Each structure stands twice: as structure tokens, then as C-alpha cells.
Protein chains: 2
Amino acid sequence: MKTYSISEVAKILNLTVYTLRYYDKEGLMPFIERTSSGIRMFKETDIDALRIIECLKSTGMPIKEIKNFIDWCSDGDSTLQQRYNMFIERKATVEAQMEELKKTLELIEHKCFYYETALEAGTEDIHKKNKIEITY
Amino acid sequence: MKTYSISEVAKILNLTVYTLRYYDKEGLMPFIERTSSGIRMFKETDIDALRIIECLKSTGMPIKEIKNFIDWCSDGDSTLQQRYNMFIERKATVEAQMEELKKTLELIEHKCFYYETALEAGTEDIHKKNKIEITY
DNA sequence: TTAATACTTAGAGTTAACTCGAGGTCAATG
DNA sequence: CATTGACCTCGAGTTAACTCTAAGTATTAA
């Protein structure tokens, strides 16, 4: 079974070796095996696990909470409910984030339009009722 | 014209007074007027400006870059192009973030399904070809 | 066999974004 | 006229997530 070095994994996942070692130090990678001389050997399944970690991270989950999940995984079937609950909760937060982003995008698109017309007019004043105000 | 105190604005925008003062310290609020005794008086337009700041922040823009934008606003029409470019760029990053989130959501939904079936079966083993592996 | 290269650890340093404490001012109320 | 509460500044402290340095080990290539 092929294994990967830390720098190979860093390249694959677009992370730095520092970050990977930091994750290991924080207990996010209890599954990584080592050579007799202590060098980490990453299996394909380890890389998949890291992808899940990255996925959770991208939902804004702090590393300490991700560690809880990793610990539950090591604990086996007795923690299935917790893990399920966690993903259901994550699903809700991501959906909320998408809603947030949608609103953000709308405001930004409005501003794009605002500046487009201001550029055409050569001045922002066309958007101001009262020309003394500055609109941010 | 009605004005608001810092604590009122904090309540409206769901921020702390500490955060608002921090933004001011960082130069994000050069437009806020003060009473003769130095107390900040927020106008409606100031609150709108803060909403834009929050919007930019929610796209992941660091405060120093938001400050650039605020400075451009104070500089007037000569910076219209920069500000337009900035919003176009923000639009692109938000769209990329939405794509990212979509993928994240798919993975999470997959995991919800994974744990749902595992819970029904009472064990995670049903998902494993090789029952010795742990799947994270 | 020696040089280069990639790995190891422990622990210190960095950065962003708050977050707060101390000490002070000011306006209103009993 | 003293007290209360909301405001002020300055600067220190906190936290998360890296990011890096130093000192050392292991593997390969000439």
C-alpha cells in the first residue's frame, strides 16, 4: 500500500508541512503511522480524513471541536449518535452561512452598480440627495 | 437629525462597544462626529457605513484593507475606479466562497447519510470493505 | 564518507481581531 | 452636591491558528 510523506500530503492538500504538524500536535491525526525512525507515513485513508478535517474547518469549526470529532471516531460505534448530530448541526450552520453570503453578494452587486454609474457620470454626486454627505 | 450612542449602535449591529471603538481606533470610522465633550454621535448614514464594513468583513476582507476603502471614500471621486475594482473583486471572491461552501455542504450531507445508515445498523462497519480500518 | 536533503521535536514568535481593565470625564438625579 | 451610569482613552491581555527556528536524525547520491 502506497504511503505519502508529509511534504507530499502538504502539496496534495495545499497546506504547509507546518500546518500538518500543528494539526498532529493538536491531536487531529492520531491515526498517522510512523516509520521505525519516527517519520510520518500518510495512507490514502489518512488523506481522506484530512479532507474531512479541511471540510469541517471550512465551515468555521474550531480545531478543538474537530478534535472532539476525531476522538469520537477513535471511540467507535458508541459515539455514532454524537457524530451524526454534529454533522446535522454543521449542515445547518453551512446553510446559514450560504444565506448570509447571498445577502452579502446582493449588497456587493448593488455597490458594483453604484460605482459603475458613478464612474460613467464621473462623480459620486449623482447618488446623493444632499451633495454635502459622503456615502461610504 | 437623530443620533445614536455607541451602545445603541452596538445593539443595532449586534457588535460590542469594544469592537466599535476598535474599528474607530483602526481608522474605519473617520466620519463619526463627537459632542463637545468627545462622545461619539452616530448618524443613520454612519450606521449604513458600518453595515458596509460588516459586509466587507463577512467576505473575509481584513480590516486594513477595509481601511483603504474608507480612505478612498474620503478622498472623493478620484478613487471611484479603485472602489469599483474592489467591489468587482469582492464579488468574485464571494462567488468563489459560495462554490466552496456548496462543495462543503455536499460532503457534509454525504456524512449525514453515512451516519444515518450507520445508526440504523448500529455500527459503522457496514460502510467498510475492510472492517479493520477506521473511517473518519 | 561526506554532503545534501528531508524528515523530526520543542518551543518561541507572529498576526488578526478582538477584549478588557484602570483611571478619568460628564450629565442627570435624589 | 454627591452618586450613578454611560461615556472616554490608553495600553495591556487574550485567543486561535498558524509559522518558524534551532538543534538533531535519517536516507540517499556522488
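Source: prediction; values computed, not measured. Lettering follows sequence order; numbering is per chain, from 1.
- In this entry the distance linking OH of A/Y18 with P of C/dA10 reads 17 Å, nearest Å.
- Candidate nucleotides D/dT9, D/dA17, C/dC26 were compared by shortest atom distance to the side chain of A/I63, and D/dA17 ranks first.
- One atom, CD of A/E26, and another, P of D/dT19, lie 14 Å apart when rounded to the nearest Å.
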Test log, rule side-chain contact (heavy atoms from CB on, under 4.5 Å), inputs B/R40 and B/S5:
CA-CA 7 Å; B/R40 292 174 187 84; B/S5 74; over 6 Å; no
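- Because its NZ or CZ atom is not both nearer than 6.0 Å to the ring centre of B/Y22 and within 45° of the ring axis, B/K25 does not count as a cation-pi partner of that residue.
- Among the nucleotides C/dT8, D/dC18, D/dC7, the one closest to any side-chain atom of A/Y22 is D/dC18.
- You'll find that the side chain of A/I39 is closest to C/dT8, out of C/dT8, C/dC20, C/dC18.
- A donor-acceptor pair under 3.5 Å is absent between the side-chain atoms of B/D71 and the main chain of B/N68, judged by distance alone.
- Distance, A/L20 CG to C/dA6 P: 16 Å, rounded to whole Å.
- Atom CG of A/L15 and atom C1' of D/dC18 are 11 Å apart (whole Å).
- Two residues, B/S36 and B/M61, neighbour DNA chain C, and the one matched to the more 5' nucleotide by heavy-atom proximity is B/M61.
- Of the candidate nucleotides D/dC8, D/dC18, C/dT19, D/dC18 has the atom nearest to the side chain of A/T19.
- Ring orientation note: the planes of A/F87 and B/Y115 are close to parallel, at an angle under 30° on the 30°/60° scale.
- Side chain of A/K57, nearest nucleotide from C/dT8, D/dC18, C/dT19: D/dC18.
- Closest approach to the A/R34 side chain among C/dT8, C/dA27, C/dT19 is made by C/dT8 (side chain taken as heavy atoms from C-beta onward).
- Of all nucleotides listed (C/dT8, C/dC7, C/dC18), C/dT8 comes nearest to the side chain of A/R40.
- Taking side-chain N and O atoms only, A/S7 has a distance below 4.0 Å to OP1 or OP2 of C/dC7.
- Applying the 4.0 Å criterion to OP1 and OP2 of D/dC8, one finds that B/R21 has a side-chain N or O inside that range.
- Between A/T35 and B/K25, the one whose closest nucleotide on DNA chain D sits nearer the 5' end is B/K25.
- One interatomic measurement links the two molecules: CG of B/D24 to P of D/dC7, which rounds to 14 Å at whole-angstrom precision.
- Comparing B/K64 and B/S37 by the nucleotide of DNA chain C whose heavy atom lies nearest to each, the residue mapping closer to the 5' end is B/K64.
- Judged purely by distance below 3.5 Å, without hydrogens or angles, the side chains of A/E89 and A/N85 never pair a donor atom with an acceptor atom.
- A donor-acceptor contact closer than 3.5 angstrom links the side chains of B/T104 and A/S58.
- Put simply, CE on B/M41 is 16 Å from P on C/dC26, counting in whole angstrom units.
- Phosphate proximity of C/dC7 to A/S5: present, with a side-chain N or O under 4.0 Å from OP1 or OP2.
- Rounded to a whole Å, the CG atom of A/N14 is 13 Å from the P atom of D/dC18.
- Put simply, A/Y23 has no side-chain N or O that comes within less than 4.0 Å of OP1 or OP2 on D/dA17.
- Using a 4.0 Å heavy-atom distance criterion, B/T16 is classed as making no nucleic acid contact.
- With distances taken from any side-chain atom of B/I6 to the nucleotides C/dA27, C/dT8, D/dC8, the minimum falls on D/dC8.
- In this structure, B/F42 places its CZ atom 12 Å from C1' of D/dC8, rounding to the nearest Å.
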